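First up is the structure itself, then whatever we jot down about it.
Below, chains carry the letters A, B, ... as their sequence lines are ordered, and counting in each starts from 1. Owing to the predicted nature of the structure, the values given are computational and were not obtained by experimental measurement. We use all heavy atoms of the structure for the numbers below, so side chains are in, but hydrogens, waters and symmetry mates are not.
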Amino acid sequence: MNTHRKRSVSSFLLTSLTWIIVVVTIFPILWMIFTSLHSNNQILNGITTFSLPKPQWVNYINMWDTVNFAIYFRNSLLICGATTLLAGSFAVLAGYALARFDFPGSKLFGMSIISTQLIPGIMFLFPIYLMFLWIKNTFGLPMINTYWGMILVYTAFYTPISIWIMRGFFVSIPRDLEESASIDGCTRFQAFYRIILPLSVPGIIATGIFIFLTAWDELLFAWVLTTSSDVQTIPVGIRLFVGQYNTRYDLLMAASTVVTVPVMVVFFMTQKYFISGMTAGAVKG
Amino acid sequence: MRLHTEKNLPAKASSGKRGLWRKRIRENKFAYMLMVPTIIFMMLVHLIPMLEGIWMSFLKLNQFTLGKFLKAPFVGLDNYIGLLFNSDNPVRQGLNFAVRNTAIYAVIVTIGVMIMGLMMAMLMNRDFPGRGIARTAMLLPWVVPSYVVGVLWGFMWQQNGIINYFLVDVLHLFADKPFWLMGPNTIWAIIIPTIWRGWPFLMVIFLAGLQTIPDDIYEAATIDGAHKLRQFWHITLPMLKPVIAVQLLFQIINNVYSYNIVATMFGNGAGYPGEWGDLMMTALTRQSFGYWSFGSGSAASIMLMIVMLMVVGVWYRAFRTELNAQ
Amino acid sequence: MKKTAVSIGALLMAFSVAISGCGGNNNQSSSANNGGVKEESSATAAPATPSTEPVTLNAWVMPNSPKPDADFLKTLDPYLKEHPNVTVKVTVLDWGSAWTKITTAATSGEGPDLLQLGSTWVPAIASMGGIDKVTDKVADVGGAEAFLPAIWNTTSIAGDSEVYGVPWFVDARAIYYRTDVFKQAGIDPVTAFKDWDSFKGALEAVNGQTVDGKKIAALGLPGKNDWNVVHNIFPWIWAAGGEVLTEDNKNVIFNEEKGLKGVMFYTGLAHEGLVDKSSLEKNSSQIESDFGDGKSAVIISGPWLAKNFATPKANGGMADMKAAKNFAVAPLPAGPEGQVTFVGGSELTVFSGSKNKEATWELIKYLTSDEAQKAYANVSGQLPTKLSLLESPDLDANMKAFSEATKYGRTYPAIPQWGPTETALQKHFANIWDIVAGVKGTYGEESIKKELDSAAAEVKAIINQ
């Protein structure tokens with residue numbers, strides 16, 4: 001009886017601790033939304049009360065016409081969406097190769113995947129810019145300030161790490177499945193897309209979410225490689241609320257909320273897959 | 001996380017002989033085909049520009065020679081020597097702080113997210129009312145873009161901001177409201193938001209890892225009289241070691257190359273984060289685009305890469321057994 | 001097998017969406033380029049007469065006004081109506097990344113047609129070959145005589161007679177003070193801003209006055225987290241008789257005795273309690289907002305603040321604030337060696353990679369016309385650059401005070417290395433604010449001098465490279 005009570009007390013304490021941490025964790029997000037309902041002047045002066053007599057909803061209207069935010073939103077969705085699909089597909093293919101084959105050069109390939117993560121972006125920012133220019137001048141294919149160029153760069157950025165995630169996922173799928181498939185007369189490719197791919201859907205979704213969120217977050221290359229609002233993404237556009245002489249923090253916070261909330265909603269809807277995908281992949285990491 | 005997983009050939013026996021090597025390549029044609037798109041993209045975006053970057057580090061590339069780019073005057077190792085040995089080199093003075101801060105930042109953030117992530121994963125692995133909501137809520141910071149995190153926390157850290165309100169007016173931890181965006185405290189102002197944004201992802205990973213540990217191991221341990229702490233040390237941690245190993249590496253890399261939060265938190269994205277807020281990436285960006293010394297910027301980048309390669313080497317040695325055991 | 005079909009479908013869709021998405025985009029960007037190509041051919045065919053071929057001009061501007069792109073286009077509206085063949089595409093750069101972007105554009109030749117440059121950036125970008133000479137054309141816009149000299153000086157590289165840009169607007173700084181608070185403290189504003197001593201005396205008298213039940217700080221000034229760190233400090237160095245560089249732009253002298261005196265006076269105001277220390281962490285916007293909110297009685301700012309006081313709250317302005325009805329503008333106090341303020345601003349330049357240089361120049365000509373200057377000054381809250389407008393009698397009282405301030409305005413040496421120099425100065429001046437705030441060593445002539453010296457060493461290395 002006594003131990004039972006002790007256990008329920010400690011369980012209660014642990015649950016309370018969990019909820020305290022949850023509240024502390026989401027507080028900054030709530031604070032962002034709360035801040036976005038204030039006037040510019042209030043934000044600049046620092047907000048330290050929790051009462052809000054007159055929420056300034058107009059910020060959520062003004063943000064769209066002060067800066068042409070819808071365009072940046074569209075561009076981000078397009079670029080990040082396409083990157084997710086491309087990098088995800090590449091990662092599925094290469095991840096499978098790494099997980100299932102011991103081919104000459106597999107170790108080198110694995111190492112170079114890690115090595116790509118060690119190159120400081122700032123070092124090859126300028127070379128990429130000039131290479132894009134060279135491509136345009138040589139092949140007549142515009143790269144700078146195009147969706148193509150951004151998608152190419154982002155796909156190359158996020159493929160390596162996605163390969164790791166996908167590889168871990170494939171390793172967790174028993175090999176017998178393909179072996180029995182090949183006994184049934186399937187070619188390797190058939191075994192891959194008939195047997196393995198359907199089993200990997202949670203992993204693919206998890207990887208996709210990962211790529212999308214990372215691309216959504218990219219700042220430095222978006223700053224330099226996009227030069228007109230046709231292609232510029234949210235991290236570029238959102239900075240335009242920051243003027244030299246007149247900074248609209250109210251709109252900046254509203255825009256931040258607008259940028260975050262849809263991603264959250266999508267994440268809510270897909271997190272089941274994300275967690276199960278990560279579960280399978282992470283363990284074999 | 002083996003680099004070569006399932007052996008479909010006795011590799012050791014074949015390795016010396018050319019014919020067998022070729023045969024293995026032929027046999028794995030399918031694997032190579034699967035990697036072609038990745039390799040093309042990596043060549044285009046990583047390899048070629050990186051080689052150019054290495055070449056740039058041997059050039060005198062400043063505002064007057066930038067237009068010539070790769071044909072700028074060749075200065076050999078001058079950029080490296082200037083960074084390593086010339087204490088008058090203004091670029092190097094700024095880098096000292098960045099190196100120190102990056103080391104502190106990367107270590108604390110990595111440890112912080114690992115511990116917080118593991119702790120939360122263990123808390124979330126229990127059954128309690130509202131677990132689903134709590135778990136989803138915990139993941140939300142990871143979805144907030146880091147360029148928003150920088151601006152948002154920049155406001156929260158202000159001397160008259162909400163954090164000081166809690167720390168001083170509610171909890172009375174300090175007598176006076178401290179500055180967080182100036183002076184040595186700056187390093188905390190960038191570490192804490194990074195941990196905040198980073199741990200949810202680790203929580204998912206660890207939660208996933210915990211769920212694969214069979215319950216009967218714990219049950220057996222409980223019958224043997226091992227208490228919770230012992231169970232944690234002797235069951236949970238060892239079982240999670242492969243996961244920890246991989247995440248450790250990715251966290252270190254991520255944090256050493258961290259840029260967005262610092263870049264957006266100070267001076268509206270154009271300011272100097274200060275001697276305690278400057279990280280390698282912000283420093284290198286300033287060096288290249290602020291000082292226009294692209295040559296020494298590249299040299300510093302390459303030295304950073306070499307250091308990081310060594311870190312990866314140490315990491316691999318430390319976790320080799322776990323990595324190959326799977 | 002249904003699952004198989006789903007997953008294959010997903011993969012295929014992945015590729016097809018990616019491909020079609022990009023196809024669409026290619027069309028778009030090529031259509032944007034078409035204008036340029038066409039114009040090029042027409043320009044070679046008939047360069048003398050203004051072309052009536054359709055032209056698309058890309059303009060890069062900074063967020064100068066509340067709605068940067070819309071405001072710019074509105075200013076251009078009359079011109080575009082008159083020239084239906086001209087289309088202007090505006091891209092707004094943010095100040096954080098503008099420098100990076102313009103550098104890459106200038107070195108690669110891939111960029112806009114019309115480029116706005118901060119006045120201190122012109123020599124640098126010109127030396128990189130990023131912008132075109134307009135020396136033989138400036139007569140079209142009235143030449144040097146038509147513009148404010150302080151800003152005209154920055155259109156050329158020091159020691160070179162070529163002109164690379166045309167001033168667009170002027171950003172000058174002066175003092176904003178609370179008339180009601182000065183009255184309450186019994187201070188006469190006319191004498192208060194005469195020189196440094198009277199200024200400090202006035203601040204001491206105003207400091208701690210109770211306004212609406214709250215104590216008000218005398219002065220509000222931003223510290224290191226501002227983007228004007230350098231512009232905030234230099235007027236005081238100049239007023240104390242200091243200079244950035246020697247006459248020949250070869251030696252650094254701002255760290256010498258006079259410069260130090262200026263820095264000590266300005267930072268001393270903060271050190272001696274005339275400034276609320278928390279403001280040292282803030283940026284200009286926050287300082288302006290504090291002034292609006294009645295937290296400080298005096299601040300140094302530009303003409304845009306007056307406009308902000310006339311803008312309603314819902315549009316991000318401060319018209320509802322008490323300060324909006326109780327402020328006046330005064331010149332900066334004279335230091336031991338005269339009265340100086342910083343005059344910056346922006347210039348319009350023709351990007352060297354442009355394929356529509358003629359059309360771009362026509363646009364610049366329009367933007368510097370009286371009509372456009374007035375219109376843009378109105379939306380941006382900046383001063384026009386033309387002397388005729390600066391001296392025109394129909395300026396309102398606040399603008400007049402700023403126009404007055406431009407007369408003793410100064411700017412930095414027009415050396416090509418100013419870009420890196422300002423980066424270095426910003427870094428070290430930021431450290432000075434750390435010292436003033438008490439989070440880095442002890443404040444004193446010694447520690448400030450040390451920081452100025454290391455700034456000077458760094459600047460010297462930059463200008464001698």
Side-chain angles (χ1 to χ4, degrees), chain B residues 37 60-69 72 82 86 88-94 97 147 154-155 157-161 164 176-186 189 263-278 283 285-294, chain C residues 94-101 103-104 106-109 124-125 127-130 222-229 276-286 416-417 419-424 426-431 433-440 454-455 457-462 465:
Chain B
K60 185 186 167 81
L61 264 186
N62 60 24
Q63 68 185 105
F64 303 107
T65 57
L66 202 53
K68 295 186 202 139
F69 190 50
N86 180 1
D88 293 335
N89 188 340
V91 168
R92 175 194 141 145
Q93 288 170 9
F97 298 115
Y147 49 85
F155 273 111
W157 282 121
Q158 263 170 27
Q159 205 214 11
N160 57 357
N164 268 345
D176 292 313
K177 291 189 171 181
F179 284 117
W180 293 103
L181 300 173
M182 287 180 107
N185 286 345
T186 314
T264 48
M265 197 185 281
F266 299 95
N268 265 355
Y272 173 57
E275 287 180 0
W276 286 93
D278 206 18
T285 308
R286 192 172 51 250
Q287 207 171 61
S288 291
F289 286 100
Y291 287 109
W292 280 329
S293 53
F294 284 88
Chain C
D94 82 280
W95 282 95
S97 65
W99 194 223
T100 316
K101 212 167 232 166
T103 309
T104 34
T107 48
S108 66
I125 303 296
S127 75
M128 293 166 81
K224 74 162 232 224
N225 288 324
D226 195 34
W227 47 96
N228 292 321
V229 179
D276 177 9
K277 279 243 160 114
S278 74
S279 77
L280 295 181
E281 198 188 39
K282 298 179 177 173
N283 60 38
S284 292
S285 287
Q286 289 168 307
Q417 298 94 331
T421 302
E422 198 171 310
T423 310
Q426 190 185 32
K427 200 171 84 182
H428 288 283
F429 287 4
N431 288 340
W433 287 117
D434 270 4
I435 297 173
V436 177
V439 293
K440 178 180 151 70
S454 57
E458 201 170 322
V459 171
K460 197 165 165 54
I462 290 167
Q465 66 177 335

Inset, instruction - Report yes or no: do C:D94 and C:S97 form a side-chain donor-acceptor pair below 3.5 Å? - result: yes
Legend entry - Value rounded to 0.5 Å, distance of CE in B:M182 from CG in B:N185: 11.5 Å
Inset, instruction - Starting at OG of C:S454, measure out to CD of C:E458 and round the result to the nearest 0.5 Å. - result: 7.5 Å
Legend entry - Distance-only donor-acceptor check, side chains B:Y291 and C:Q417, under 3.5 Å: no
Legend entry - Top of B:R286, B:Q158, B:K60 for chain C proximity - count of heavy-atom pairs under 4.5 angstrom: B:Q158
Inset, instruction - Examine whether an atom of C:A424 lies under 4.5 Å from a heavy atom of chain B, and if so say whether it belongs to the side chain, the backbone or both; otherwise answer neither. - result: both
Legend entry - Portion of C:L280 that has a non-hydrogen atom of chain B nearer than 4.5 angstrom: both
Legend entry - C:D226 side chain to C:S284 side chain, donor-acceptor N/O pair below 3.5 angstrom: yes
Inset, instruction - Go through the atoms of C:K277 and report whether side chain, backbone, both or neither lie under 4.5 Å from a heavy atom of chain B. - result: both
Inset, instruction - Could you tell me the separation between the NZ atom of B:K177 and the CD atom of C:E281, rounded to the nearest 0.5 Å? - result: 11.5 Å
Legend entry - C:F429 and B:Y272 aromatic centres sub-6.0 Å: no
Inset, instruction - Check each atom of B:F155 against the heavy atoms of chain C and say whether the ones under 4.5 Å are side chain, backbone, both or neither. - result: side chain
Inset, instruction - Identify which part of B:P273 has an atom lying under 4.5 Å from any heavy atom of chain C, answering side chain, backbone, both or neither. - result: backbone
Inset, instruction - Between chain B and each of C:P416, C:A124, C:G129, C:S127, count heavy-atom pairs under 4.5 Å; write down the option with the most. - result: C:P416
Inset, instruction - Would you mind checking which part of C:Q286 comes under 4.5 Å of any heavy atom in chain B, side chain (CB onward), backbone (N, CA, C, O), both or neither? - result: side chain
Inset, instruction - If the plane angle is over 60° it's perpendicular, under 30° parallel, otherwise tilted; pick one for B:W180 and B:W157. - result: tilted
Legend entry - Per-residue contact mode, B:F64 against chain C (heavy atom under 4.5 angstrom): side chain
Inset, instruction - Let me know if C:N431 has heavy atoms under 4.5 Å from chain B in its side chain, its backbone, both or neither. - result: side chain
Legend entry - Interchain contact, C:A437 with chain B, by part (heavy-atom threshold 4.5 Å): both
